[in-house]
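So the structure is just underneath, and the comments pick up after that.
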2 protein chains.
Amino acid sequence: MTSPTPRSPRRTARRSDALSRERIVETAVEVLDAAGEGGLTFRVLTERLATGAGAIYWHVANKDELLAAATEAVVARALPLAPDDPAATDSPATPDGPDADRPWEGVHAVALRLFEAAEAHPWLSAQIAAQLAGRPGGTVGPRIFEALGRHVRAMGVPVEGWFTAASALMHYILGATALNAANTAAAHALDPGVDRPRVLADAANAWQGLDPAAYSFTRTVADQLREHDDREQFRSGLDLVLAGIAAAHPPTATA
Amino acid sequence: MTSPTPRSPRRTARRSDALSRERIVETAVEVLDAAGEGGLTFRVLTERLATGAGAIYWHVANKDELLAAATEAVVARALPLAPDDPAATDSPATPDGPDADRPWEGVHAVALRLFEAAEAHPWLSAQIAAQLAGRPGGTVGPRIFEALGRHVRAMGVPVEGWFTAASALMHYILGATALNAANTAAAHALDPGVDRPRVLADAANAWQGLDPAAYSFTRTVADQLREHDDREQFRSGLDLVLAGIAAAHPPTATA
DNA sequence: ACCTGAACACCGTTCAAGT
DNA sequence: ACCTGAACACCGTTCAAGT
């Protein structure tokens, strides 16, 4: 830091201060975490990396590709994909062995990893959605789908139901994380002082102030909104989807 | 159009060519539909409205507020909220009367309205998510929640389960519409020539080209991806969630 | 009260020029 | 092959000035 070392192109192939696509993407993730998508600009990137704009464009085509790479990096970290053995029913995410007895736990593990990734990286959910929509060749869609699907398979859902079940899970998880994580983070960005309970209290109060004639249902559950726990709620909703999948595919007499 | 009429401030209070917040929001929706969020700029707005930038800022605080207003306008149109009668169980969206026999149909009607709105306005889902996350005082959250919740109530779910059930439905619907609608639209924006079957075929081919060791599940359902119908898939997933809600709250002997 | 339009600070991206 | 940094076109927003 104090004295810039002169370029010595020999030695190991990897130098920590050399510019590389990997280092750019890592820095982009840091900036996104701290300042959101709006805060990620090529100017702050050139400052943090101590280069010119052109240097970044040498490694990355444009901002869209940079956002895609950042998203893929974070999702890949959250959902490492071990080689698959279709015959095995155990989930590597639950260390307590095969989930034959409680086949839903594998889905819960995957979902929670995504939930926590979205909590740590508030920009993630929106980027995943953008990725799935606009990038046919992207790897984040298949990665999430595969991670969920393996457990759907382990649940004993027949093949014809795989796509529907895995899609429904993915849709629920994406919708839930998009709202939940962005929720906390947005409040935080506006005013770092406010915490989650305060945000919920404000929202609940707003619900209670709604027109009774038009919003009787919403007013009734205002207290449930105030007191709910995000993660617990996420799990409960996930269980509803899983219960629906199980109900749609009752176990046959194969066992 | 040909000759600009001179200002005559008398007559009716409403003149079709006068600038107003309503007219600005309407124009914003048109621009968003045609060019997406990136295409909505104050420059194209000033051109379409034949004014200066300052005139727009007189009626609207900033771009965020304009996006919020556009979102609220579209959602309000998709989900008009009649005064609520908590005792009634019929859904105004299904003209064939009360849904006591098939209590899910009300949810389906609401969900389909949102699905279609998201199809017609590809920018909508992302904006709804942003709205729910960042705008505590906004009306779109309560509106969607109330529309869904009334039918949850009609399904016979006990009060303690209302918040969880309505939330799960909202999360699924938002996740599904976000992916589905943006999907078609993004492909359309890139190349207006490609249609939905072509996009699906490309995606399915990409899935089939994945590494067999890591993506066996995803590869297996590639054909289901290719042949699925968006709307039918959306309904099937919704039915899974509804089945889960029903399973979690089996009807008691109250009837 | 409502509108005009020039001006400001900032953004993503390009590109001739360097090493 | 990789990097520099000035330049370009464009963006959201402001504001003194008009009516």
Side-chain angles (χ1 to χ4, degrees), chain A residues 4-25 27-28 31-32 34-71 123 127 130 134 189-190, chain B residues 4-25 27-28 31-32 34-71 123 127 130 134 189-190:
Chain A
T5 46
R7 296 293 181 89
S8 53
R10 24 172 207 83
R11 284 279 170 166
T12 68
R14 196 147 306 186
R15 291 176 47 215
S16 67
D17 63 335
L19 195 57
S20 68
R21 183 181 159 100
E22 193 184 16
R23 215 160 80 83
I24 294 172
V25 171
T27 309
V31 175
L32 284 166
E37 185 182 344
L40 177 66
T41 70
F42 279 83
R43 302 240 182 202
V44 332
L45 231 37
T46 53
E47 280 166 26
R48 302 258 295 225
L49 292 167
T51 35
I56 296 175
Y57 276 94
W58 175 261
H59 295 277
V60 158
N62 51 35
K63 191 175 181 181
D64 270 3
E65 192 188 293
L66 181 55
L67 282 168
T71 305
W123 46 275
Q127 282 308 312
L190 290 176
Chain B
T5 46
R7 298 292 179 90
S8 53
R10 24 175 208 82
R11 285 281 172 163
T12 69
R14 195 147 309 188
R15 291 176 48 215
S16 68
D17 62 336
L19 195 56
S20 67
R21 184 181 158 99
E22 193 184 15
R23 215 160 81 84
I24 293 172
V25 172
T27 309
V31 175
L32 284 166
E37 185 182 346
L40 178 65
T41 69
F42 280 83
R43 304 244 176 198
V44 331
L45 231 37
T46 54
E47 279 166 27
R48 301 259 294 226
L49 292 166
T51 36
I56 296 175
Y57 276 93
W58 176 260
H59 295 277
V60 158
N62 50 35
K63 192 177 179 179
D64 269 4
E65 192 187 293
L66 181 56
L67 282 168
T71 305
W123 47 275
Q127 283 307 311
L190 290 178

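Predicted model, so just to flag it, every value in this text is computed and none were measured.
Rounded to whole Å, the distance from NZ on A:K63 to C1' on D:dC11 is 12 Å. What separates CG of B:L67 from C1' of D:dG12 is a distance of 12 Å, to the nearest Å. For the pair B:R21 CZ and C:dC2 C1', the interatomic distance rounds to 16 Å; values are reported in whole Å. Between the C1' atom of D:dT14 and the OH atom of B:Y57 lies a distance of 9 Å, rounded to the nearest Å. Straight-line distance from the CD1 atom of A:I56 to the C1' atom of D:dG5: 12 Å, rounded to whole Å. Spacing between atom CZ of B:R43 and atom P of C:dT4 amounts to 16 Å, rounded to whole angstrom units. Regarding B:E37, its CD atom lies at a distance of 13 Å from the C1' atom of D:dG12, rounded to whole Å. Whole-Å rounding puts the B:N62 CG to D:dT13 P distance at 5 Å.
Residue-level contact check: A:L66 touches neither bases nor backbone, having no heavy atom under 4.0 Å from any strand. Among the heavy atoms of the strands, none lies under 4.0 Å from A:L45.
Projected onto DNA chain C by closest heavy-atom contact, B:A55 and A:A55 fall at different nucleotides, the more 5' of which corresponds to B:A55. Remark on DNA chain D: of its neighbouring residues A:G54 and B:D64, the 5'-side contact belongs to A:G54, judged by nearest-heavy-atom nucleotide.
Of the candidates C:dA6, D:dT4, C:dT13, the closest approach to any side-chain atom of B:A53 belongs to C:dA6.
Closest of all the heavy-atom pairs between A:Q127 and A:T71 is CB-OG1, 3.2 Å. Closest of all the heavy-atom pairs between B:L19 and B:A55 is CD2-CB, 3.6 Å. Taking both residues in full, the closest heavy atoms of B:I56 and B:F42 are given as CG2-CE2, 3.6 Å, listed atom of the first, atom of the second, then distance.
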- [ ] List the steps, then state whether side-chain contact (heavy atoms from CB on, under 4.5 Å) holds for A:L66 with A:L45.
- [x] CA-CA 11 Å; A:L66 181 55; A:L45 231 37; 3.5 Å; yes

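Nucleotide C:dC10 forms a pair with no other nucleotide shown, judged by Watson-Crick or G-U wobble geometry with both contacts under 3.5 Å. Partner assigned to D:dA16 is C:dT4, using Watson-Crick or G-U wobble distances below 3.5 angstrom.
In this structure, B:W58 does not reach the C:dC3 phosphate: none of its side-chain N or O atoms is under 4.0 Å from OP1 or OP2. Residue A:H59 places at least one side-chain N or O closer than 4.0 Å to OP1 or OP2 of D:dC3.
In this structure a side-chain-to-backbone donor-acceptor pair under 3.5 Å is present from A:K63 to A:L40.
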